[in-house]
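A short write-up of the structure that comes next.
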Amino acid sequence: MVSKPKGVFGFTEEELTRVDPVVLRTLIHERTHHTIEVLIYRILAGKMEVPRDFGETVEFLLDLWRRRGLPMDAPDIRWVVNYLRLAKVLRSGGTVKLETKLPKPFTEEEMRVVEKLLFGRRSIRQWAPRPVPEEMIRKILYAGLMAPQGCNVGSTRFIVLRDPEEQRLVSSDIPIENGVMILVCQDMHVYQALGFDKRVPQNIYYDAAAAADHMLLMAHALGLGGVWLTHGEETQRRIGEYFGLPETFVTRCHIVVGWPAEAPIKSARMSRDEVIIGRG
Ligand SMILES: Cc1cc2nc3c(=O)[nH]c(=O)nc-3n(C[C@H](O)[C@H](O)[C@H](O)COP(=O)(O)O)c2cc1C
């Protein structure tokens, strides 16, 4: 067994052996991010020495995860295992060669697609009575999951509502007909475990926003129309009660997607020069 290092957010070893797996997973994510991922590329660039305990905190946490019989083949855990492997090699004085490549500019053709996606998306608020295939919803959810998230904590959860009765639990300022509603939810346990609800509370909202935006872009690429909608505490309470969710599980915002039944004029923005308020 690996001995407990410092820097696991005040949890004792005993607490970590019985803490909610969601919390343990959060610690594994965050520690991998802050104690390996953000350092390793500086090390590889020769700008930093390998810390003596490089990767040991994550090793300790992952060992607990493994000994509790929690899944080792989940994609996020495999990502952790890979970083641990690299950290171990560097710690023992070895060298690593990454398979990854530097990003390259898109080709002109690829850029046209990106521009079509980013500048062609618009909010659509009426939908045709045509079923949205489950496969499309899964693609949209995956896009939401792949959005950036503060400190890679992994708090985002989704609720998909197709039933109009259930959709009425969610306050929206527009009538929802024929759309699929996706609630962007968060497991607050994740933030609380790290004290992020106090230290970086803004990340909670940003995480949800990034997920919603990614999903709307994927919906647009699939030929669906979507809109971002706001809801507040009343909806959070109703959804929590209806699904019997723990108090730490909060719905943050929602999007509705469906086959478009309107073609709105694309909204415009102020000119680019007007919005640049500082320039280096
Ligand atoms: C944080 C946020 C909250 C929004 N809330 C609502 C809403 O409650 N109802 C609505 O009809 N649209 C809502 N929208 C969509 C905006 O009205 C829309 O994005 C904006 O008018 C720009 O139009 P476009 O999306 O077509 O570019 C929201 C968008 C964001 C980012």
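Counting starts at 1 for both ligands and their atoms, in listed order. Please read all numbers here as calculations on a predicted model, not as lab measurements. These numbers come from the heavy atoms of this one structure, side chains and all, not from hydrogens, waters or symmetry mates.
- With sequence neighbours excluded, no residue forms a salt bridge (Lys or Arg N to Asp or Glu O under 4.0 Å) with R112.
- With L229 as the partner, the side-chain contact (heavy atoms from CB on, under 4.5 Å) test is satisfied by one option alone out of L183, I176, V170, T235: I176.
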Step by step, work out the side-chain hydrogen bond (donor to acceptor under 3.5 Å, both in side chains) result for H189 and T26. CA-CA 9 Å; H189 229 144; T26 300; over 6 Å; no

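- Within the 4.5 Å cutoff, no side-chain heavy atoms of V153 are placed close to those of H29.
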List the atom pairs, donor and acceptor, that lie under 3.5 Å between side-chain atoms in residues 126-142 and the rest of the protein, sequence neighbours left out.
residue : atom : partner : partner atom : Å
Q126    : NE2  : E262    : OE1          : 2.9
W127    : NE1  : G225    : O            : 3.0
E134    : OE1  : R162    : NH2          : 3.0

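- The other residues sharing a hydrophobic cluster with V275 are M270, where clustering joins ILVMFWY side chains under 4.5 Å apart.
- Ligand 1 lies under 4.0 Å from heavy atoms of R121, R122, S123, R125, D173, I174, V227, W228, L229, T230, K266, S267, R269.
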